[in-house]
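Below, each value reflects all heavy atoms present in this structure, side chains not excepted, and no hydrogens, waters or symmetry copies. Proteins get letters first, then strands, A, B, ... in listed order; numbering begins at 1 in each.
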Number of protein chains: 2
Amino acid sequence: MFKKIKEPRISETIVDQVFQAILRGDLKPKDKLPSENELCEIFGVSRVTVREAIRYLDQLGTLEIRQGSTGGSFIKEVNLEEIAVQMCNVLRMANVTFLHLAEARASLERMILRELIPAERRPHLIQAMEENIKKASVYYQSEDDNSRVLANFEFHALIAEMTNNPIIILMHKIIVELSLRFFKNVKSSTSIGGSTLDQHAQIAELLKQGKIEEAAELCANHICQVSGGIVEKSNEQTSFFKKPLSAGRTDQKVKG
Amino acid sequence: MFKKIKEPRISETIVDQVFQAILRGDLKPKDKLPSENELCEIFGVSRVTVREAIRYLDQLGTLEIRQGSTGGSFIKEVNLEEIAVQMCNVLRMANVTFLHLAEARASLERMILRELIPAERRPHLIQAMEENIKKASVYYQSEDDNSRVLANFEFHALIAEMTNNPIIILMHKIIVELSLRFFKNVKSSTSIGGSTLDQHAQIAELLKQGKIEEAAELCANHICQVSGGIVEKSNEQTSFFKKPLSAGRTDQKVKG
DNA sequence: TAAATGTTATTTGTAATACATTATATGTAT
DNA sequence: ATACATATAATGTATTACAAATAACATTTA
């Protein structure tokens with residue numbers, strides 16, 4: 001009969017107003033919000049509340065905040081890269097394992113290669129791939145683990161970028177970003193070696209020959225294979241960031 | 001050669017400490033953080049700063065905050081549903097159209113049905129689908145648009161849930177959540193009618209007969225078809241939340 | 001006794017003020 | 001003109017105070 005009343009925080013209503021202004025087009029990227037003090041007057045609330053709202057928008061990647069006399073809060077263009085990083089923070093505590101990531105990425109890239117790249121864009125993709133391979137081959141000779149990993153993921157990112165579908169691109173970015181963090185944690189990137197480069201070249205070659213289905217299949221297998229090797233090396237560290245929760249524990253304490 | 005120095009906000013370092021405590025396992029779901037005042041003493045900072053950190057964790061879905069004498073900040077289990085909703089807020093400003101969503105979901109579900117559901121789980125899926133169809137057929141007779149839309153998406157969510165891969169499930173949830181918001185905006189859900197129900201039944205039937213490939217294909221086509229009808233009805237409203245940015249505009253104003 | 005009502009203590013939510021820090025712009029002296 | 005000091009305006013943080021919410025306990029009342 002009656003609905004439970006849940007007063008939203010004042011800052012939330014402010015956030016909403018700003019969002020609405022953006023969606024209406026009253027606020028566009030590069031535009032500057034009034035200063036915190038001005039906003040206090042505009043909304044008739046304290047600076048604490050205004051700042052809370054600004055924090056929210058900031059953390060969402062909506063704002064760029066600069067200090068100094070010409071500083072302030074500026075509306076920012078949405079950046080998928082940032083969103084992906086943001087997502088990773090959230091997912092740190094979810095039960096995501098490296099195998100989940102590998103499985104998802106393998107399927108995703110196979111799917112993209114199969115169905116989501118218009119034929120006329122394929123030449124672009126192939127060219128980009130070949131350039132990446134050329135660049136990467138330099139890194140692969142060096143002993144810099146990090147560069148090798150990055151070059152590897154760059155190759156795979158090319159595939160996602162070709163879709164022109166921001167949702168697909170974002171999903172791929174999230175997976176890559178999470179995978180990268182895994183690499184940083186386990187330091188087993190040594191499993192990315194010359195064979196990786198060879199397989200990348202093969203994929204490009206297959207695409208060139210119009211053997212889409214085979215290229216897609218090889219790509220998926222390639223991901224599984226590399227990931228499998230890594231999981232093996234890192235042994236029990238497959239659990240992503242977090243060991244499985246141990247049983248009971250109800251005391252309430254922070255590390256002081 | 002040198003990296004620009006960007007002093008992190010104090011609150012950010014606090015957030016990090018809390019994160020580390022969680023990842024180490026010192027803080028588990030249901031645990032209570034010290035009260036804001038206690039945290040002030042622990043970290044030796046003001047309440048403003050502590051609250052800023054708490055806000056961040058809260059918005060990430062890490063905390064549940066309760067007021068009152070037994071209130072406080074409690075660590076919360078990660079909830080994919082919430083994350084998806086959160087993501088949508090971020091994506092409101094990205095150039096995502098309904099067609100992007102439809103394309104992504106069609107491909108995603110086809111992919112899942114094809115490759116990501118272990119054979120032994122298929123019976124569960126089929127059963128769940130049949131139950132959904134039974135439930136949904138009631139709603140479909142009523143004239144409640146909203147219920148019909150929800151029942152429809154529930155069917156498709158079943159597919160994602162069967163993967164047991166949180167990344168895949170999350171991606172699907174994000175797409176569904178965004179699609180739902182679109183429906184709320186354009187009110188053209190009337191295109192979801194009896195034929196939808198029929199097609200759902202067909203998909204379940206095909207799966208029952210072990211015709212996986214055909215089921216996957218039908219599912220994808222079904223999504224495209226329904227979405228196509230909706231786009232047609234909503235005409236130029238395909239642009240999701242935001243019209244494409246008009247050309248220049250550099251003045252700085254908020255709606256005061 | 002039991003149910004309704006009032007009281008209290010604790011915790012988060014908001015306000016107001018002050019000062020610190022940062023960064024641009026402007027003026028001044030060499 | 002260049003280098004340096006200064007002014008200025010914005011965010012970042014601290015402090016104090018009070019409002020509002022909420023569970024637990026105490027009190028009243030039928």
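- Under the rule for a side chain to side chain contact (heavy atoms under 4.5 Å, CB included), the partners of A:N37 that lie at least two apart in sequence or sit in another chain are A:S35, A:R47.
- Side-chain contact between A:V149 and A:N152: absent, with no pair of heavy atoms (C-beta onward) separated by less than 4.5 Å.
- With C:dA23, C:dT12, C:dA18 as the choices, the nucleotide that has an atom nearest any side-chain atom of A:S69 turns out to be C:dA23.
- Between A:L39 atom CG and C:dA16 atom P the separation is 15 Å, expressed in whole Å.
- Taking atom CG on B:L33 and atom C1' on C:dT11, their separation rounds to 13 Å, with Å as the unit.
- One interatomic measurement links the two molecules: CZ of A:R66 to P of C:dT24, which rounds to 8 Å at whole-angstrom precision.
- A:I10 comes within 4.0 angstrom of the backbone, heavy atoms only, and of no base.
- B:D31 contributes no side-chain N or O that, together with a main-chain N or O of B:I75, makes up a donor-acceptor pair within less than 3.5 Å.
- Backbone-only engagement by B:R9 is indicated by non-hydrogen atom pairs under 4.0 Å involving sugar-phosphate atoms exclusively.
- A donor-acceptor contact shorter than 3.5 Å links the side chain of B:S179 to the backbone of B:I175.
- Using a 3.5 Å distance cut-off with no hydrogens or angles, the side chains of B:E161 and B:H172 do not pair a donor with an acceptor.
- Atoms CD (B:Q67) and C1' (C:dT10) sit 12 Å apart, rounded to a whole Å.
- Between B:T49 and A:G68, the one whose closest nucleotide on DNA chain D sits nearer the 5' end is A:G68.
- Contact of B:R47 with C:dG13 (side chain to base): a donor-acceptor pair of N or O atoms is detected under 3.5 Å.
- Taking for each of A:T70 and A:V45 the nucleotide of DNA chain C with the nearest heavy atom, the 5'-most of the two is the partner of A:V45.
- Between A:E36 atom CD and C:dA15 atom C1' there is a gap of 15 Å when expressed in whole angstrom units.
- First and last contacting nucleotides of DNA chain D toward chain A (any atom under 4.0 angstrom from a heavy atom, 5' to 3' order): D:dT8 to D:dT13.
- Among the atoms of the strands shown, base atoms are found under 4.0 Å from some heavy atom of A:R51.
- Counting non-hydrogen atoms under 4.0 angstrom, B:E52 reaches the backbone sugars and phosphates but no base.
- Across the protein-nucleic acid pair, B:E64 atom CD and C:dT11 atom P stand 17 Å apart, rounded to whole Å.
- Ranking C:dA23, C:dT14, C:dG13 by closeness to the B:I65 side chain, first place goes to C:dG13.
- Judged purely by atom type and a 3.5 angstrom limit, A:R121 uses its side chain to pair as donor or acceptor with the backbone of A:M162.
- A distance-only check finds no donor-acceptor pair linking the side chain of A:E36 to the backbone of A:R51 [under 3.5 Å].
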